[in-house]
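Presented below is the structure to which this report refers.
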Amino acid sequence: MSISRDQILTRACEMYLEGGLDGFSMRRLARSLDVTAPALYRHYEGKEALLRDVIDEAFKMFGAFLYRALAGLTAQERLRMTGEGYLAFALEHPRLYQVIHVSPELLGFDDLPADVTRQACATGQFLVDRVRECMDADVLAGDDPQAVATTIWAFSHGLVSLYLDGVLTLDRDAFLAVFHSSFARLFAGIAGPAFKPPAAAAADPISFAPGQLR
């Protein structure tokens, strides 16, 4: 049975997230794919090379979701589309989303390889650039773009992680409603004079009911 690189990458990501680094091996991966270990070594020289590619591919796909925002016609639209891309990637590819947020040490690296680091820095810089252009257009209040981008990322990652980890016992639609209403509150605090609130922000605030948190 032949096996493709994409099939190996997909299953390797699943196996790592199921059992962590201690439970991951090329032999176990081969068994789960119903192929021999040499079939994997035709694509990868070893476990570290495979894990590096898992992270690298995850960042490439993440970037592709974010970079769609460049089609936006205004600074605010590009920032909004960046957020939509971030959320879409997390919900459509939760395993890959979690992989790019795993500490390098847990993957067996002292630090991320240089090519992976470049991918990670590029996605982070993309958000900083969208924030900076919104400040230049008075869509966001003047501030340190890096600091504000970090706040937006931390806010996004916190909500998404609570949902993916099952801490928020919400269905998908309810989570999306909470996510968007929470961001309406955040942007109300950092908006500049040219900011145009989305129509949905005028809806009643959505709060957590007691049964929605574990």
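Computation of the quantities below employed the complete heavy-atom set of this structure, encompassing side-chain atoms and omitting hydrogens, waters and symmetry-equivalent molecules.
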(request) Indicate if Leu164 and Val167 have the same hydrophobic cluster label, given that clusters are the connected sets of ILVMFWY residues with side-chain heavy-atom separations under 4.5 angstrom. (result) yes
(request) Of all the heavy-atom pairs spanning Ile3 and His43, show the shortest one and how long it is. (result) O-NE2, 3.0 Å
(message) Rounded to the nearest 0.5 Å, what separates atom CG in Leu66 from atom OG1 in Thr123?
(response) 6.5 Å
(message) To check you understand the geometry: which heavy-atom pair defines the closest contact between Glu57 and Leu9, and what is its length?
(response) CG-CD1, 3.5 Å
(message) If you define the side chain from C-beta out and look only at heavy atoms, does anything of Ile190 sit under 4.5 Å from Phe195?
(response) no
(request) For side chain to side chain contact (heavy atoms under 4.5 Å, CB included), just list the numbers for Val178 and Leu170, CA-CA rounded to whole Å, side-chain angles, deciding distance to a tenth of an Å, and then say yes or no. (result) CA-CA 9 Å; Val178 168; Leu170 302 168; 4.1 Å; yes
(request) Walk me through it: do Val131 and Leu127 pass the test side chain to side chain contact (heavy atoms under 4.5 Å, CB included)? (result) CA-CA 6 Å; Val131 168; Leu127 176 57; 4.2 Å; yes
(message) Would Met81 and Arg78 count as a side chain to side chain contact (heavy atoms under 4.5 Å, CB included) here? Give the steps.
(response) CA-CA 5 Å; Met81 291 174 67; Arg78 287 188 288 274; 5.7 Å; no
(request) Can you establish whether the number of heavy atoms outside Gln125 located under 6.0 Å from its atom CD is more than 12? (result) yes
(request) Looking only at non-hydrogen atoms, find the nearest pair between Leu96 and Ala58 and report the distance. (result) O-CB, 3.9 Å
(message) Can you tell me how far apart CG (Leu51) and CE (Met15) are? Round to the nearest 0.5 Å.
(response) 11.0 Å
(request) Classify the angle between the aromatic ring planes of Phe179 and Phe175 as parallel (below 30°), tilted (30 to 60°) or perpendicular (above 60°). (result) tilted
(message) Once rounded to the nearest 0.5 Å, what's the spacing between atom CG of Leu29 and atom CZ of Arg11?
(response) 7.5 Å
(request) State, to 0.1 Å, how close Ile152 and Phe187 come at their nearest heavy-atom pair, and which atoms those are. (result) CD1-CZ, 4.1 Å
(request) Give the minimum heavy-atom separation between Ala75 and Cys134, together with the two atoms involved. (result) O-SG, 3.3 Å
(request) Hey, can you tell me if His101 and Trp153 have their rings parallel, tilted or perpendicular (30° and 60° cut-offs)? (result) parallel
(request) Measure the CZ-OG1 distance between Arg31 and Thr36 for me, rounded to the nearest 0.5 Å. (result) 12.5 Å
(request) State yes or no: do Leu140 and Phe126 share one hydrophobic cluster built from I, L, V, M, F, W and Y residues joined by side-chain heavy-atom distances below 4.5 Å, directly or via other members? (result) yes
(request) For residues Leu91 and Leu176, determine if any side-chain heavy atom of one lies less than 4.5 Å from a side-chain heavy atom of the other. (result) yes
(request) Without swapping roles, check the side chain of Asp144 against the backbone of Gln146 for a donor-acceptor pair under 3.5 Å. (result) yes
(request) Kindly indicate, with the supporting measurements, whether the criterion side chain to side chain contact (heavy atoms under 4.5 Å, CB included) is fulfilled by Val35 and Ile8. (result) CA-CA 10 Å; Val35 298; Ile8 295 171; over 6 Å; no
(message) If I compare all heavy atoms of Ser182 with all of Leu159, which pair ends up nearest, and what's the gap?
(response) CB-CD1, 3.9 Å
(message) Would you say that Leu186 contacts Phe183 through its side chain, given a criterion of any heavy-atom pair below 4.5 Å between the two side chains?
(response) yes
(request) Measure the shortest side-chain to side-chain distance between Leu50 and Arg5 over non-hydrogen atoms and say whether it is less than 4.5 angstrom. (result) no
(message) In the structure I gave you, are the side-chain heavy atoms of Glu133 and Val139 within less than 4.5 Å of one another anywhere?
(response) no
(request) Check whether Ile100 and Val128 end up in the same hydrophobic cluster, where Ile, Leu, Val, Met, Phe, Trp and Tyr are linked by side-chain heavy atoms less than 4.5 Å apart. (result) no
(message) Using the ring centroid of each side chain, check whether Phe59 and Phe89 are separated by less than 6.0 Å.
(response) no
(message) Whether Lys60 and Asp56 form a salt bridge (side-chain N of Lys/Arg under 4.0 Å from carboxylate O of Asp/Glu) is what I want to check.
(response) yes
(message) Within this structure, what is the CG-CZ distance for the pair Asp143 and Arg132, rounded to the nearest 0.5 Å?
(response) 12.0 Å
(request) With rounding to the nearest 0.5 Å, note down the distance linking OG1 in Thr169 to OH in Tyr163. (result) 11.0 Å
